[in-house]
Amino acid sequence: MAERTLAEQLGAPLPDGIEALSEQHKQDLSAALRDARHRQAQALARAGEESLKYVPALLRGAVRKAVGL
């Protein structure tokens, strides 16, 4: 799968300061952004699973389905 460009990841044209960076620096920034979003998604998933400890066991399946975990 082809990796998304920095502009695609941001969903908008690049600001002038970022546009002025070399292609290698833009690729590095794109990789850093992708990695940060991946780590954030993992942390959110862990937090969601951790929060289920406060839901009664019989309701966990329904709550998991309702919140998309």
Side-chain angles (χ1 to χ4, degrees):
M1 181 169 110
E3 294 180 4
R4 295 182 341 165
T5 65
L6 186 55
E8 290 171 336
Q9 287 185 55
L10 294 175
L14 295 177
D16 292 338
I18 293 176
E19 191 63 53
L21 294 173
S22 70
E23 193 58 38
Q24 181 60 45
H25 285 122
K26 285 191 263 188
Q27 288 175 1
D28 291 346
L29 185 56
S30 178
L33 180 60
R34 184 176 48 256
D35 292 345
R37 286 187 172 167
H38 181 71
R39 285 191 310 274
Q40 181 184 37
Q42 288 179 325
L44 286 171
R46 280 192 307 271
E49 287 296 326
E50 186 70 23
S51 69
L52 287 174
K53 291 180 180 179
Y54 299 100
V55 175
L58 292 173
L59 296 175
R60 287 181 190 159
V63 171
R64 215 179 242 117
K65 185 175 181 179
V67 298
L69 291 176

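For the numbers below, each heavy atom of this structure counts, side chains included, while hydrogens, waters and symmetry mates do not. Since this is a predicted model, take the numbers as computed values, not measurements.
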**Asked** Which pairs pass salt bridge (Lys or Arg N to Asp or Glu O under 4.0 Å) with one or both residues in residues 15-32, sequence neighbours excluded?
**Response** Glu19-Lys26, Glu23-Lys26
**Request:** Only counting residues at least two apart or in another chain, list the ones meeting salt bridge (charged side-chain N to carboxylate O under 4.0 Å, His left out) with Arg64.
**Result:** Glu49
**Asked** Of all residues at least two apart in sequence or in a different chain, which pass the salt bridge (charged side-chain N to carboxylate O under 4.0 Å, His left out) check with Lys53?
**Response** Glu50
**Request:** Considering only Ile, Leu, Val, Met, Phe, Trp and Tyr, and joining two whenever side-chain heavy atoms are under 4.5 Å apart, list the other residues clustered with Leu10.
**Result:** Leu6, Leu14, Ile18, Leu21, Leu29, Leu33
**Message:** Let me check something: do Leu58 and Val63 share a hydrophobic cluster, defined by ILVMFWY side-chain heavy atoms less than 4.5 Å apart, either directly or through other members?
**Reply:** no
**Request:** Examine Leu52 and Val67 and state if one hydrophobic cluster contains both, with Ile, Leu, Val, Met, Phe, Trp and Tyr joined whenever side-chain heavy atoms are less than 4.5 Å apart.
**Result:** yes
**Prompt:** side-chain hydrogen bond (donor to acceptor under 3.5 Å, both in side chains) with Gln27: which residues, sequence neighbours excluded?
**Reply:** none
